[in-house]
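Every chain is numbered from 1, with letters handed out A, B, ... down the list of sequences.
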2 protein chains.
Amino acid sequence: MVSIKDIAKQAGVSISTVSYALNNSPKVTLETKTRILAVAKELNYVPNAAARQLKKQESLIIGAFLTDFSGAFYGDLLQGMKEVVNRKGYDLIVCSGKQSHRLLPERMIDGAIILDSAFSDEELLEYADRGHRLVVLDRELRHDNINQVLLDNKAGANLAMDYLIENGHRKLYIVCGPPDSYDSRQRLTAVRQTLDRHPEVEAVFLEGDFNKASGEAAGKKILSELSGEPPGVFCLNDEMAIGLFQTVQDHGKGIGVDLSLVGFDNIDLTRYLSPRLATIEYSKHRWGAMASQQLLQMISGEQVEHERIYVSLVEGESVRPRGAES
Amino acid sequence: MVSIKDIAKQAGVSISTVSYALNNSPKVTLETKTRILAVAKELNYVPNAAARQLKKQESLIIGAFLTDFSGAFYGDLLQGMKEVVNRKGYDLIVCSGKQSHRLLPERMIDGAIILDSAFSDEELLEYADRGHRLVVLDRELRHDNINQVLLDNKAGANLAMDYLIENGHRKLYIVCGPPDSYDSRQRLTAVRQTLDRHPEVEAVFLEGDFNKASGEAAGKKILSELSGEPPGVFCLNDEMAIGLFQTVQDHGKGIGVDLSLVGFDNIDLTRYLSPRLATIEYSKHRWGAMASQQLLQMISGEQVEHERIYVSLVEGESVRPRGAES
DNA sequence: ACCTTAAATCGAAACGTTTATATTAAACAA
DNA sequence: TTGTTTAATATAAACGTTTCGATTTAAGGT
C-alpha cells in the first residue's frame, strides 16, 4: 500500500511536508506542493481513511439507521439526508439491524440519524452520554447530544378525522398502529382529542401494526359489520390503508362508496391506487434534510435551528360525502 | 476516551495482555482474563474501530452501492445481502452517489457490491487492480478481484415474448430500457432472437429509460396506433409497465382487453395492480444473498461458487389470448 | 557585519490497536 | 541442585496519518 511515506521518499521531503501539501496548507511553498502532488498522482496514492480517522477522531461519515431496507417509504427521506450531508463534505451510509449499531459507539461514524425502534431509549441516551451526536425521528428524547425532527402527527390526525366528519360520516373506524410506535401514539392521541370534540361521532378502534396485513384484517372486520350509512375509516398509515383498500375491492365493495378511507404518509404507492386515496402528506425529503442539517450543526457546534415538519391533507375519491351534514 | 491503556493501568497489567484478553486468546489465564473483562465493563470500554482497522487492515464492513435509495426494488435485495454478511460477522452499509465511492479506495470497507451505473468499468477495474474485492450485479467484468451474479435476462425476455406470442399476438410493441444498461441490452438481445424465430410476428421498438414516465409515453404512442387485433406489449421492466398500465386505463382502455402487457422484475408494486400484471420474476433476496456470499468467499480466499439467478414467468390477466392460434 | 524575524521544512509524538519477540516465573527432569 | 521447557505476561514496533514544536534557511533592519 502506497503511503505518505513513499511519497516523501520519492519527492525528497519529510512526511510532514507531504501531509501539509496534501491538505494544501499554506505552510508549504507552491513549488514543492505541486511537486508532491505530482508524485502522489504518479504513485496512485489514496489516503487511508482509518489512519486519518484515528488521528483526527472524525470520519466524515453520517449513519442513517432504519428499521428495514424496504424503502417504499424511505427513498425521498434518504435523498434529503444525503444532499445535505454531501454538501458539507460528509457521506451518508444507511444501516439496518441491531448488529450494525456498533458503528456508532466504535466511532466509525460522526453522528447518526435514527428511525429504528430497534434502538431503545436507554441505548441512545448512553451513546449520547458518551458524546455521540444523534438526531431521532421516531421519538422524543431530551439530551444535549440529541435533537429530534418531529412530524406534526397530531395536526395530521386531526385533519384526517375532520375530513371524514365534515363529509358526514358519523361512524368511524380507526385502524391503529403498534403501541410502541411514537408516531402511532401521537396520531392516536389526536384522534381521541378530535372525538372528544365530536360527541355525535361513534368510533371503533381496531388493532393494527402499520403493516399491510393488519389493514387487510381490519378491512374484513369492517366489511362484516357493514350496514346502513357507509362508515369512515382512518388508517394510521398508508400501508394499512392499502391493505384495507384492496380487501374491500376484492370483496366487491367500493372504496368511496361503501366506506370512506383516509390514510397517513402519502407513500408513493398510493399514486397507483384508483380511486385516489385521501391521505396526510408531508415532505419526506424535507424531513431528511432537516435531520441532516441539525446533526451537522450539532457536530460543528453551531446553534441548532429547529423546525417542525408540517403536514397537509391530500383529498381523494376514497372519501365521499355521506349522510346529513352536521 | 477510554482505551485499552486505561484498562491496563486499572487492572495492573500490560496493554498487550488486555488486548489478548479482549480477543480472548488462550495465551492469557482465565483469572486475569475475567479480571480484565470486569475492568473493561466497569470503565465502559468500547473498542476503537479506526485503530483496529488501521492495524488489521480490515473493517468487517461490506458496502452496497446503489444508483439511488428509491428502494421499491431494493428491499429484498439488500435484506438478502445483509443476512449473509451478518452471519459471517460483517456489517452491511448502503451507499449511493458518486461522492461515496471514496469509501472503497480509502479502505473503509472490505469489499463492495455494485449495482450502480455511476461506476464506470474503468473505475471498477482500477479498484480491482488495487486489490479491492468487488461483486458486480449490473455488468460483466473479467478480473481476478471481481465476480458477478447474473440474472438470466435472456431466458426472462424469451419467456415474456413467447407468452405473448403463444397467446396469439402477432403485433408486438417492445418498450426498451436505456442503452447503457446491461440488463436492458441483454433483454433486448433475447427479444431479437425470439423475433428471429417468429417471422410471422411484427414488432415495433419504442424508446424507454426504465422509468415510469417513459412507460406512459409509450402507452400514449401505442394508444394512438390502436386498431384491429389487440397488440402485445413487452415493457423491459415493471416500472415502465406500470406507467403504461395506468396511461391505458386513464384513457378508458382495458389492460388485457385492448392490449396485452408483460413486464419484467416483479417489483412489489405490481401486487397492487388490477388486473394482475404478467411479468418475469426472480428472487431478489437470493440475488443479494448470492452476491454477499461470493464477496465473502473472495475475501476469505475460498473458492467462489457461482450460481445463476433463474427467472420465471408470472402469469396475469394483463395478457389474454387473442387471434388465431399459430 | 551582525542580529532579528519570518518562511519553509523537518523530527517526533500521538491517535488506539495488534502481534512478534522478549522477559519472567513456574514447573519439571536430571 | 541446576538446567530445560513451558506458561504467563511484558515490551516494543507497527499500521498511516496529523500536528506541535524545533530547526534550518533566507531576507530584512541597523
Rounding to a whole Å, what distance do you find between A:Asn24:CG and C:dT9:P?
-> 14 Å
To the nearest angstrom, the CZ-C1' distance between B:Arg107 and D:dC15 comes to 12 Å
Taking atom P of D:dG16 as reference, at what distance in whole Å does atom CG of A:Leu43 sit?
-> 14 Å
When rounded to whole Å, the CG to P distance for the pair A:Leu30 and C:dA7 reads 16 Å
For B:Tyr45, is the NZ or CZ atom of B:Lys41 found under 6.0 angstrom from the centre of its six-membered ring and inside 45 degrees of the ring axis?
-> no
If you draw a 6.0 Å radius around NZ in A:Lys5, do more than 12 non-hydrogen atoms from other residues or ligands fall strictly inside?
-> no
Checking side chain to side chain contact (heavy atoms under 4.5 Å, CB included) against A:Ile62, which of A:Leu296, A:Asp91, A:Ile109, A:Ile93 comes through?
-> A:Leu296
Can you find a side-chain donor-acceptor pair between A:Asn237 and A:Asp265 that sits under 3.5 Å?
-> no
Just call it for B:Gln57: base, sugar-phosphate, or nothing, with non-hydrogen atoms closer than 4.0 Å on any strand.
-> sugar-phosphate
Atom CG of A:Asp144: over 12 foreign heavy atoms under 6.0 Å | no
On the 0 to 90° scale, with breaks at 30° and 60°, tag the A:Phe119-A:His101 ring pair as parallel, tilted or perpendicular.
-> parallel
At under 4.0 Å between heavy atoms, which parts of nucleotides 17-27 of chain C does protein reach? Answer with one letter per nucleotide, 5' to 3': B base, S sugar-phosphate only, - none.
-> BBBB-------
Once you round it to whole Å, what is the distance between P of C:dG11 and NZ of A:Lys9?
-> 14 Å
Round to the nearest Å and state the distance from A:Lys33 atom NZ to C:dT9 atom C1'.
-> 14 Å
Could you check how far CG of A:Leu54 sits from C1' of D:dC15, rounded to whole Å?
-> 9 Å
